[in-house]
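The basis for the numbers below is simple: all heavy atoms, side chains too, and nothing from hydrogens, waters or symmetry mates. So that the names make sense, note that chain A is the first sequence line, chain B the second, and so on, each numbered from 1.
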Amino acid sequence: MAAVTSRPLTFEPGGLQPWRLSDRLRGVFTDARGTLNASARLDIDSGKITGTGEVAIDEFGFQTTRLGRVESVNGDVAFSDLLDLTTAPGQTITIGAMNPGLPLENGKIDFQLISGKTLSVESAAFPFAGGTLALAPFKWVLGGEDQHLEVTADKIELSRLVETLKLPDTKATGTVSGRFPIDVKGTQILIRDARLKADANGGRLAYQGEAGESAAGADPNARMAFEALKDFDFTVLEVGLDGNAMDRITISLLLEGVSRKGITYGKNGQVLMNQPFQFDISINSALSELFKSTQYYTSQKQLTDIVVKQVQEDRNGEPE
Amino acid sequence: GDPVIDAAIQSGQVGERIDGRLGVVGSADPAVVRKVQEINNKRAAKYAEIAAQTGTSVAQVARVTGEKLISDLKPGQYYMDASGSWKQK
Amino acid sequence: CTPTVRLEPSDKPIKIDLNVNITQEVRVILDKEVEDLIADNPDLF
């Protein structure tokens, strides 16, 4: 039995890179940074070399196409067949940061690497907006183009979501949860009609902004909608997500609430008090719009068109 | 450009895609496939940098780059347009 | 001004669909940036 303990391998762009160890790693760990400390035990019997080993990963980072730059990976990985690049099951690493369209930090992944080709992920979870985003177990063929994932969002706090999405003049409480599929196709990360439902205690959302003022314009429906929206307490029924996390996405909010102050309504301006409203708000935009720093909001020439339509009119039979 | 990739482009093994990535046109030698993946990773880093500086999305930067690269291709070189099928200039 | 008649609120909620579409013309912003990117990185493009 020959134990081979290599000195720590420190990677840095322009210096040592994984592809120098084996071209099989080219394109997998690009522009790597950080330290791997490998120790191996090689066995040679009847002419066959077998080997096991451990790799201690220390602040390892690398560039990918779909997950952006993966940063601060840490953990000890045990290889049951070193030469075949196969690990024992149940290996655990932590990931400081990555960005598959939305910034994720401090994640934990339990996995097994099989023949250096297939990553069998047993569990993967990241804290997000006060709750957790977790992936159901899946097998990822490294370098593969397409992948189906099931995501569970658990107790996402609306207050933190409003903060993360930088929604102006909006206060929210309560949590939402739900499961939804994601289809990775090439560089697209397609979220398929995710529906996060308000948890038992429900959600509250109040909007005090003036966003509607200019948008309402002449359309009576729009004016009423924004009048109802202003200084209004909602029960949040559902938060929806649909689209490509790497590009354009539609975020929808299903809200229900009662207008506290008088709402002028209809052609001859009746005033309604305590009228229940149900809003289905959908915001279609590039996801990055929501995560970028606010300094860009003002400087960008943005085309925001707002379409308001009242779904159905059943005010005790009165025609609109 | 990179000699391995330039040769693969000349021989029609590799082409530019509208999404700003290099792509393997049919099949190619594994070493070329790994090189393509490496270059796409490095391009993704540049796209992310520009997206952050300009307040746009990675996909938007990648798309504008892909369009420009395709328009600059020489006759006979392969590209993949929005339809997703490979074509020749 | 038009007479404002107080109406008893109906128990059925008024349903409203509100669609906000934020598009951003990026070609203008990115044109020069991308040209420089390609020119400055011959090993990648």
N/O donor to acceptor pairs below 3.5 angstrom from side-chain atoms of residues 24-33 of chain B, sequence neighbours left out:
residue, atom, partner, partner atom, Å
B:D29, OD2, B:A31, N, 3.4

Task: Inter-residue atom distance B:I5.CD1 - C:F45.CZ, 0.5 Å rounding - done: 13.0 Å
Task: Between CD1 on residue C:I29 and CD1 on residue B:I50, distance to nearest 0.5 Å - done: 12.5 Å
Present all donor-acceptor pairs from chain B to chain C with distances below 3.5 Å, rounded to 0.1 Å.
residue, atom, partner, partner atom, Å
B:R43, NE, C:L44, O, 2.9
B:R43, NH2, C:L44, O, 2.9
B:E67, OE1, C:R27, NE, 3.3
B:E67, OE1, C:R27, NH2, 3.1
B:E67, OE2, C:R27, NH2, 2.9
B:K68, NZ, C:D31, OD1, 3.0
B:K68, NZ, C:E35, OE2, 3.1

TODO: Against chain B, label C:L44 side chain, backbone, both or neither, depending on which of its atoms sit under 4.5 Å from a heavy atom there.
DONE: both
